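For reference, the structure discussed in these notes is given below.
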There are 2 protein chains.
Amino acid sequence: MEKQTVTIYDVAREAAVSMATVSRVVNGNPNVKPATRKKVLDVIDRLDYRPNAVARGLASKKTTTIGVIIPDVTNAYFAELALGIDDIAAMYKYNIILANSDENGSKELQVVNTLLAKQVDGLIFMGNNMGDDLKHEFERASMPVVVAGSVDIKQDMPSVSIDYVAATKEAVTNLLGRGNQKVALVVGSMKESINHDYRLKGYRQALEETGNEYNDQLVFETNDSYNTGYEMAEEIKNSGATAAFVGDDELAAGLLNGLTDRGVKVPAEFELTTTNDTKYTEITRPKMSSVTQPLYDIGAVAMRLLTKLMNNEDVTDRNVILPYGLIKRDTTR
Amino acid sequence: MEKQTVTIYDVAREAAVSMATVSRVVNGNPNVKPATRKKVLDVIDRLDYRPNAVARGLASKKTTTIGVIIPDVTNAYFAELALGIDDIAAMYKYNIILANSDENGSKELQVVNTLLAKQVDGLIFMGNNMGDDLKHEFERASMPVVVAGSVDIKQDMPSVSIDYVAATKEAVTNLLGRGNQKVALVVGSMKESINHDYRLKGYRQALEETGNEYNDQLVFETNDSYNTGYEMAEEIKNSGATAAFVGDDELAAGLLNGLTDRGVKVPAEFELTTTNDTKYTEITRPKMSSVTQPLYDIGAVAMRLLTKLMNNEDVTDRNVILPYGLIKRDTTR
DNA sequence: GTGAAAGCGCTAACAG
DNA sequence: CTGTTAGCGCTTTCAC
């Protein structure tokens, strides 16, 4: 015996009112006489009626669902952002369709397409390599999108992030300032604009302002994984660098352990500053000095911004920059 | 100028066929003459038509969306499971609505309710404390649910996990076998059945079979967080224990660092075995010995099982137990 | 304050 | 192989 789903029609009949009235009480429309409201509510309770969100979505053209594109859920950085997003979304009664993109353009495109097909009310995009085709989809769908904890070189998308150039510059300057002649920059793919256009820029600015020469032998392009960091330790050390600024905490943890396991003393012989201030920075030994970012807040503010966009509210600041800091732990002297 | 959405009706008109035919080509129904198919496909392409999944869901009563309830996305254990779930879901063309439950019963209940309202085709539940009210909702909705990487004391839900009792027993026996008279059990909330009914049981079995007395002073109930582990280090050490089996990797990392920072040498003076084999086990120094689990596979198999359930396929084994292992790293001698 | 009725965009018999 | 015709369950004018 299949369970018969109870519909708004059933409620209307049992309560001896019209569907419209039931709809009104369900949606909290004030134009219902209290007595009627109570009568309807009682029937809803008795029949255990639960409004069908799909039907509602079709009729109202709103799904109260947003899409979130994340490069990798298992990366602590993105996971922390996702937590902030989820909390605020829940607060505003939105649900989240979470889709892993693997930081892969074609998968991103495909994922965005199915998200649009599902009529999500908005999108939060994490990832640093937004292709034009993707941006074109966003425009075509005229759907609110906010970029979170990531960056798009043409700032034509609403976004929430920190000032990556300044943060990198400050961290590198700091490293340079304590006598390190050669400071390496170790980041993920240079195809990502956060690395190529922001961190590299901050790095060069730091060199320039302190009168150091830029040397591309000191720039290491990786893939943000622990193992890569671990394996590159030797190469990085051999470059003559005595310090490094690293673009991801897992990567930094790998580098740190790789150095340590090869007998390099950190921070005595090599200094390290990482960038995302995730849990990893406290777990490694020595603990890692890092740029600090309000990770949860970046996600939360992004989601809040998206709600405004979805409601067509005025937003004065479409590109929110949150403050960063620099914390000295034990991988710097 | 708002963008006019193009519907199946527009395509039908332009291609001079019926909506039904368009629907057939969109859904890959073979009963369409190739010439007709091509004609329709061309129009779809020209008009840039994208089927509305909400309408489709209403008409077909299938949303190709599943709900995933996760206690905490930022916990590496659950995140790894989620990755496996997501990959297989994508493979079968399902999307995932991800909802954080904070391991909080009332939030779980609320989340499940909105998921059901959204007409998800199935549910994957992670969490170890499934209330009866929750189970009741599942039944009432007669919706396929599979429990992943977690456990429900009454095994009446389809599930995928490892044998937590045996794993705990083996790890504890191992610790006992190397001369530790007092082995602590450090786990999260005892309200969670995985701790109370499984790990504690394995722990007691190990004691019993090796002729050791059970002593509840050696059982520590925590909350699975790094900081808690760190802070409890002293108390645990003071209990006289010289080894501990820990129920979560972050917790274990906290305990490890807490001990180390208090001058306790691990593994020389204190041995430690953790349980989830996440990235943390490699990152800490010393690296943590651990029970090993096929985390990704647990998620993947759970999702695969769910697809079968959703298709009403026969499933011979509703409670899948995947193999675990025990790996010696550097927190055991 | 309440009801009637027309969709929302699509699928699924059922004919032919 | 293709078209017709009902809905799916709800929101939303528009009257009254």
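A, B, ... follow the sequence lines: proteins, then strands. Residue 1 opens every chain. Here the structure is a predicted model, which is why all the values come from computation and not from measurement.
There is no side-chain donor-acceptor pair under 3.5 Å between A/K93 and B/T114. Checked by atom type, the side-chain pair A/S193/A/N128 shows no donor-acceptor distance below 3.5 Å.
The CG atom of B/D133 lies 10.0 Å from the CZ atom of B/F138; values are rounded to the nearest 0.5 Å.
With respect to the salt-bridge test (charged N to carboxylate O, under 4.0 angstrom), the residues A/R13 and A/D10 qualify.
Read 5' to 3', the first and last nucleotides of DNA chain D with an atom closer than 4.0 Å to a heavy atom of chain A are D/dG9 to D/dT12.
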With a 3.5 Å cut-off and sequence neighbours excluded, list the donor-acceptor pairs that the side chains of residues 66-85 of chain A form with protein atoms.
{"unit_1": "A/D72", "atom_1": "OD1", "unit_2": "A/T74", "atom_2": "N", "d": "2.9"}
{"unit_1": "A/D72", "atom_1": "OD1", "unit_2": "A/T74", "atom_2": "OG1", "d": "2.8"}
{"unit_1": "A/D72", "atom_1": "OD2", "unit_2": "A/T74", "atom_2": "OG1", "d": "3.2"}
{"unit_1": "A/T74", "atom_1": "OG1", "unit_2": "B/K279", "atom_2": "NZ", "d": "3.4"}
{"unit_1": "A/N75", "atom_1": "OD1", "unit_2": "A/Y77", "atom_2": "N", "d": "2.8"}
{"unit_1": "A/N75", "atom_1": "ND2", "unit_2": "A/D248", "atom_2": "OD1", "d": "3.4"}
{"unit_1": "A/Y77", "atom_1": "OH", "unit_2": "A/G149", "atom_2": "O", "d": "2.7"}

Let me have the donor-acceptor pairs involving side chains of residues 53-62 of chain A, under 3.5 Å, with sequence neighbours excluded, atom names and distances please.
{"unit_1": "A/R56", "atom_1": "NH1", "unit_2": "A/N27", "atom_2": "OD1", "d": "2.9"}
{"unit_1": "A/S60", "atom_1": "OG", "unit_2": "A/R56", "atom_2": "O", "d": "2.7"}
{"unit_1": "A/S60", "atom_1": "OG", "unit_2": "A/K62", "atom_2": "N", "d": "3.3"}
{"unit_1": "A/S60", "atom_1": "OG", "unit_2": "A/K62", "atom_2": "O", "d": "3.4"}

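An OP1 or OP2 oxygen of C/dG9 is reached within less than 4.0 angstrom by no side-chain nitrogen or oxygen of B/R56.
A straight line from CZ of A/R24 to C1' of C/dG1 spans 8 Å, rounded to a whole angstrom. To the nearest angstrom, P of C/dA13 lies 12 Å from NZ of B/K61.
Taken over five-pair windows at either terminus, the axes of the helix from C/dG1-D/dC16 to C/dG16-D/dC1 are inclined to one another by 30° (rounded to 10 degrees).
Between A/P144 and A/D121, the shortest heavy-atom contact is CD-O, 3.6 Å.
Non-hydrogen atoms lying under 4.0 Å from DNA chain C are contributed by B/M19, B/A20, all within residues 9-21 of chain B. Using a 4.0 Å cutoff on non-hydrogen atoms, the parts of residues 25-45 of chain B near DNA chain C are B/N27, ordered by number.
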| Could you walk me through whether A/M130 and A/V147 pass the side chain to side chain contact (heavy atoms under 4.5 Å, CB included) check? | CA-CA 10 Å; A/M130 190 183 305; A/V147 175; 3.6 Å; yes
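A 4.5 Å side-chain heavy-atom check between A/E103 and A/E108 finds at least one atom pair inside the cut-off.
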